[in-house]
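Comments concern the structure below.
Whatever order the structure lists them in is the order used to number ligands and atoms, beginning at 1.
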Amino acid sequence: MSVVLFTLGGTIAMAGAAPGGVVTRLTGAELTAAVPGLADLAEPLDVRDVRAVPSADLTYRQILDLVDAAGAAVAAGATGVVVTQGTDTLEESAFLADLVWPHQAPLVFTGAMRNPTLAGPDGPANLLAAARVAAAPAARDLGVLVAINDEIHAARFVRKTHSTSTAAFASPNAGPLGHVIEGEVRLLTRPPRVPLLPPVDPDRLAATRVALHTATLDDDVDLLDALARDRQGLVVGGFGVGHVRPALAPVLGALAERMPVVLTSRTGAGAVLRHTYGAVGSEADLQRRGLVNGGLLDPYKALVLLRLLLATGADRAEIAAAFARHG
Ligand code: ASP
């Protein structure tokens, strides 16, 4: 039995120095060599270098290929899988993987906020914690997890909430599922798994284009039509409980006749409401105009779900039902 480690790059694997700055350079073997205690784990790490890029350079296709490779590793007997990647897009890639990960074995994402050239880099501790979680029987049947800063988060809830802190990852709506304490994996709560999406055709996914508009004070109404042109769907990050400037409401209503438009909150936590406010541009008004309620999903996760749904050929009713389930 082993835990398989797939490396994608990110700060955890960066090296170099001023003035050029650090770049992704370390191999998985170099990464693991820097982790005290990793060699003593009951399950050896089987390291597979996949990419060495900043996470801004990752694509849906690459993440879905990774999920396939991780699934093959599990089918071949791996107890669990760890993925190291940059933290910038980790909340999206982990959620994307969670929507299609059918296995009981844990698929655990991690990364680092402080690169290996800094005092107190967090990558080694995060990698060790992720390997422990991937090997833990208690972490089975929880879907895709994120192990970072000795906390264990569900991919569906986790957010990157700080640009530099080693405590950047949090699950504002749910809290962490558990912790790694003195090397022991302690799960405190076990949410039910999210319903899986059907397999996605990669070419159809690549051709599926969705846009995100975040509401702002004195919003530019003309922007929206241009943004949504040649797109098959739109996510709106509304103010507060799901509001936009009144002038935007009819524009969004017209767009919702052409494509699914999903309403989320730009606040970072909490749900879009359904029937509290009634003004033009309020959540109730926008739903009357055909917008889909994104529930507790933040705009970025909503974008992932919408794009996958569209790529699987889901119709409007199926999209609304999926957001009711996942949101
Ligand atoms: N910019 C880096 C990346 O996402 C940040 C990190 O890894 O933490 O690749």
Would Thr87 count as being in polar contact with ligand 1, using the rule that some N or O on each side must be under 3.5 angstrom apart? yes

Which of the atoms of ligand 1 are close to Asp88, meaning less than 4.0 Å from one of its heavy atoms? 1 (N), 2 (C), 3 (C), 4 (O), 5 (C)

First locate atom CG of Leu197, then atom CG of Leu99, and finally report the distance between them rounded to the nearest 0.5 Å. 5.0 Å

Ligand 1 atoms nearer than 4.0 angstrom to some heavy atom of Gly10 are 7 (O), 9 (O)

Please say which of Leu306, Leu308, Val304, Val262 ends up in a side-chain contact (heavy atoms from CB on, under 4.5 Å) with Val210. Leu306

With distance as the sole criterion, is a donor-acceptor pair present between the side chains of Glu283 and Asn293 under 3.5 Å? no

Mark the output for Ala112 as yes if a heavy-atom distance to ligand 1 is under 4.0 Å, and as no if none is. yes

Numbered in order shown, the ligand 1 atoms found under 4.0 Å of a heavy atom of Pro54 are 9 (O)

Quick check on contacts: which atoms of ligand 1 are under 4.0 angstrom from a heavy atom of Ser55? 3 (C), 4 (O), 9 (O)

Can you name the closest pair of heavy atoms from Ile63 and Ser93 and give their distance? CD1-CB, 3.5 Å

For ligand 1, which is the ligand I care about here, please tell me if Gln85 has any N or O atom under 3.5 Å from one of the ligand's N or O atoms. no

Protein residue, atom and distance nearest to atom 6 (C) of ligand 1, heavy-atom basis: Thr11 OG1, 2.8 Å

At under 4.0 Å between heavy atoms, what of Ala56 touches ligand 1? The answer is neither

Side chains of Asn115 and Thr11, donor plus acceptor under 3.5 Å: no

Less than 6.0 Å separating the ring centroids of His153 and Phe169? no

Closer than 3.5 angstrom, by distance alone: can the side chain of Thr312 be matched with the main-chain N or O of Pro198 as a donor-acceptor pair? no

